[in-house]
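Everything below concerns the one structure shown next.
Just so you know, ligand 1 is whichever comes first in the structure, and atom 1 is the first atom listed for that ligand. Hydrogens, waters and symmetry mates play no part in the numbers below; they use all other heavy atoms, side chains included.
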Amino acid sequence: MARRKGAILWGVLAVAVLGLVSSRCAPSAPKGAKKGAAVSDVATAAMKVYVAPGDLDEYYLFASGGHSGQIYVYGVPSMRHLSTIPVYTPYPATGYGFDDDSKKMLGDLTWGDAHHPALSETKGDYDGRWLFINDMNARVARIDLRDFKTKQILGPIPNVSGNHGSAFVTPNTEYSMMASRFSIPIPKGTVVGIDKYATEYKGVVTGVKIDPKTGEMSFGWQIVTPPFNWDLGDAGKLASDGWMFWTCYNSERATGKLEVTASQRDRDYIAAVDWRLAEKSAAEGKGTMIGGIRVLDPKAIPGLVYLMPCGKSPHGVDVTPDGKWIVGSGKLQGVTTVFNFEKIQTAIRNKDFTGDEDGIPVLKYESIKDAEVPVGLGPLHTQFGPDGYAYTSLFVDSAIAKWKLGTWEVVDKVPMSYAIGHLCAAHGDTVHPQGKWLVGLNKLSHGRHLSVGPSQPESSQLVDISEEKMKLVLDAFTEPEPHYAQMIRADMLHPIEVYPKEESKHPLAIWDVKDAGLTRNGSKVLVKMVEVRSTITPTDFEVKEGDEVTLAITNIEQTTDMLHGLGLLDYNINIVVDPGETKTVTFKAKKKGVFPYYCTNFCSALHQEMQGYMMVK
Ligand code: RUQ
Ligand code: CUA
């Protein structure tokens with residue numbers, strides 16, 4: 001791909017941005033590159049990513065599923081899709097959202113827009129315990145990596161509208177942070193005319209407290225901000241531990257057609273939040289309770305928030321592994337800006353401000369910036385390697401730039417096909433990045449796959465970063481829509497595949513077919529069921545029309561892979577029970593008749609025989 005630069009950058013940029021809309025017929029660079037590639041290059045690339053039958057991948061990649069509300073699990077380097085973890089959306093394949101517990105966890109919302117997975121950390125390194133992920137509906141969820149299951153959904157969090165800047169964790173998983181993309185009058189439910197947007201609408205950033213032992217999340221504190229659109233974040237680490245950074249767009253406080261009205265100023269901001277001070281202030285009872293959460297006003301608490309001017313409409317803000325630099329990428333720019341944490345602290349001490357926004361001091365850009373690195377057009381997000389290199393995705397250029405921290409020279413570029421958003425390197429946002437692999441998460445797949453009609457997949461591309469020159473080695477396709485992903489070394493996770501019988505605590509669990517059967521309490525009916533190859537016990541039961549029926553199903557298998565399902569026809573019931581697990585589902589017996597139920601997971605030669613009947617009289 002030809003490199004576009006020079007004095008007419010803005011003109012080119014405008015054309016390029018427009019071009020994205022109609023670019024489907026433009027030739028894509030890697031295709032051209034492929035034609036000229038020597039066979040040995042292809043063979044070398046194939047060898048690198050080939051995971052022989054029975055062999056295992058080196059890394060897990062956890063990719064957000066966007067508005068599918070899920071998380072996709074891949075193996076790297078094969079890029080094989082291994083599993084889907086449903087989080088904010090019912091998922092019939094695992095029965096998620098159909099049984100009583102997961103239905104309750106989802107509440108009234110049966111979709112979520114999940115953008116940024118965050119692996120739990122200890123001392124700034126992944127610790128393999130939990131995975132957090134945001135939802136635009138002001139929620140954050142925790143997945144336990146012991147069984148890859150969603151265990152908690154917290155929220156909707158008061159006052160937050162559009163939880164985009166989330167679910168970033170602090171270096172010891174003290175908090176999962178969230179920031180509102182949309183500003184609204186708070187508390188939620190208040191209505192103020194859009195003409196008062198600049199003064200009456202508010203953004204908020206929130207610290208969601210995490211219990212260090214159990215991972216249980218609870219409301220921490222919230223900070224009210226001007227009505228900027230908060231975008232992405234990253235927690236400070238090592239040198240900058242205790243601080244949280246968030247980018248915003250629309251510092252113009254504009255409404256209407258934001259693509260025009262919110263791009264007036266040359267700079268937007270990165271907020272630097274002293275989260276330890278927020279924690280302390282909240283503990284001292286400062287701030288006020290709004291909508292059920294403690295809200296701190298930065299005007300009243302000096303030192304809580306500062307604003308760092310950053311290139312127009314920044315997306316990613318990324319802290320280097322040592323915590324000394326904060327990299328902010330203005331997506332309408334040709335450079336990425338590197339801020340120096342030391343200089344930020346000095347500027348704060350010297351009150352080196354150029355003004356304020358609703359009482360929040362604005363730091364002087366020239367005083368806190370170390371470099372503007374000419375990475376290319378439309379820098380979005382940066383990841384790091386183990387050797388002082390940084391990798392920045394370029395949305396407009398549709399490429400990844402590799403550059404050196406400290407010298408700021410751009411040493412390599414690799415084209416992506418097409419329009420890369422986030423990117424993810426192995427442990428690339430921790431204090432110990434591992435290099436090796438980098439995955440570009442592209443926004444458009446641009447016809448590099450068999451046509452599947454207008455609903456096209458997204459694409460991810462695997463880049464080998466183990467050598468000086470980056471090498472694109474594999475195209476992979478995914479369902480919508482991986483915004484961000486994290487990659488963790490496979491040997492750091494030790495998931496169980498069976499729930500051990502001795503850990504079973506479910507009050508309705510039964511482990512012997514003799515205990516299966518129906519008990520009635522007025523119009524409430526409880527049916528305890530056992531599933532084991534190849535019978536569902538009881539094989540039939542009878543209830544009365546209008547009864548409230550609870551099925552409590554225990555899969556008493558203790559063998560890996562021996563899942564059993566329970567599909568109940570015409571009643572919209574679909575449960576999947578893992579080995580050693582108990583699940584309940586409660587419903588009204590509204591329809592009279594005879595309704596078959598059967599095991600939905602192919603489990604044995606006699607799987608087809610695993611069936612029964614519910615009679616509703
Ligand atoms: S998204 S490509 Cu993180 Cu919601 Cu940016
Ligand atoms: Cu049990 Cu099929």
Side-chain angles (χ1 to χ4, degrees), residues 20 63-69 95 112-118 133-137 162-168 177-182 229-234 246-249 313-318 328-331 378-383 392-396 398 400 416 418-424 429 439-444 458-460 478 480-486 529-537 539 553-557 559 561-567 574-579 581 596-612:
L20 275 179
S64 80
H67 50 289
S68 83
D113 191 358
H115 284 225
H116 310 110
I133 190 152
N134 70 314
D135 163 30
M136 287 291 284
N137 293 288
N163 173 34
H164 190 267
S166 169
F168 317 107
M177 297 292 192
M178 47 163 65
S180 58
R181 174 170 158 199
F182 309 111
N229 294 52
W230 298 108
D231 201 24
L232 275 173
D234 196 15
W246 274 289
T247 54
C248 77
Y249 57 98
S313 298
H315 198 46
V317 53
D318 302 285
S329 292
K331 61 183 186 273
L380 276 196
H381 179 218
T382 300
Q383 290 273 282
T392 300
S393 57
L394 307 171
F395 180 73
V396 177
S398 196
I400 295 172
M416 286 281 105
Y418 194 83
I420 181 173
H422 282 269
L423 75 184
C424 163
D429 51 14
V439 176
L441 302 156
N442 302 333
K443 292 302 177 196
L444 305 170
E458 313 293 328
S459 88
S460 299
T478 74
E481 170 176 339
H483 290 260
Y484 185 36
Q486 285 187 330
M529 304 177 101
V530 167
E531 294 200 308
V532 65
R533 274 162 292 170
S534 296
T535 304
I536 304 173
T537 311
T539 53
I553 312 151
T554 303
N555 174 350
I556 65 171
E557 306 268 5
T559 311
D561 244 354
M562 273 306 142
L563 285 69
H564 298 290
L566 189 123
N574 160 54
I575 305 295
V576 177
V577 198
D578 295 345
E581 192 180 31
Y597 49 87
Y598 68 102
C599 175
T600 46
N601 281 64
F602 202 104
C603 49
S604 69
L606 295 173
H607 152 80
Q608 208 73 348
E609 279 73 2
M610 221 172 150
Q611 63 167 56

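Here the side chain of Asn134 pairs a donor or acceptor atom with the backbone of His116 at under 3.5 angstrom. A distance-only check finds a donor-acceptor pair linking the side chain of Thr247 to the backbone of Leu232 [under 3.5 Å]. Although no hydrogens or angles enter the test, the distance criterion places no donor-acceptor pair under 3.5 Å between the side chain of Asp113 and the main chain of Met136.
With respect to atom 5 (Cu) of ligand 1, the closest heavy atom belonging to the protein is His315 NE2, 2.0 Å.
For the pair SG of Cys599 and ND1 of His607, the angle whose vertex sits at atom 2 (Cu) of ligand 2 is 120° to 10 degrees.
Taking the side chain as every heavy atom from C-beta outward, Cys599 and Gln611 never approach each other to under 4.5 Å. Side-chain atoms of Glu458 and Asn442, non-hydrogen and from C-beta on, never get closer than 4.5 Å to each other. Taking the side chain as every heavy atom from C-beta outward, Ser64 and Pro117 approach each other to under 4.5 Å. Using a 4.5 Å heavy-atom cutoff, the side chains of Asp429 and Gln383 are in contact.
Between His422 and His381, the distance from one ring center to the other falls under 6.0 angstrom. Ring centroids of His115 and Tyr484 are separated by 6.0 Å or more, keeping the two rings apart.
Atom 2 (Cu) of ligand 2 lies under 2.8 Å from an N, O or S atom belonging to Asn601. Taking backbone and side-chain atoms together, Met610 has an N/O/S atom less than 2.8 Å away from atom 1 (Cu) of ligand 2. Not a single N/O/S atom of His422, whether from backbone or side chain, sits less than 2.8 Å from atom 4 (Cu) of ligand 1.
For ligand 1 and Gly421, the ligand atoms under 4.0 Å from any heavy atom of the residue are 2 (S). For ligand 1 and His164, the ligand atoms under 4.0 Å from any heavy atom of the residue are 1 (S), 3 (Cu), 4 (Cu). Listed by atom number, the atoms of ligand 1 under 4.0 Å from Lys443 heavy atoms are 2 (S). Here is the list of ligand 1 atoms found below 4.0 Å of a heavy atom in His116: 1 (S), 3 (Cu), 4 (Cu). Near His483, meaning under 4.0 Å from one of its heavy atoms, ligand 1 places the atoms 1 (S), 4 (Cu).
Checked against atom 1 (Cu) of ligand 2, the N, O or S atom of His564 at the shortest distance is ND1. Distances from atom 4 (Cu) of ligand 1 to the N/O/S atoms of His115 are shortest for ND1.
Heavy atoms of Leu441 found under 4.0 angstrom from ligand 1: none, in either backbone or side chain.
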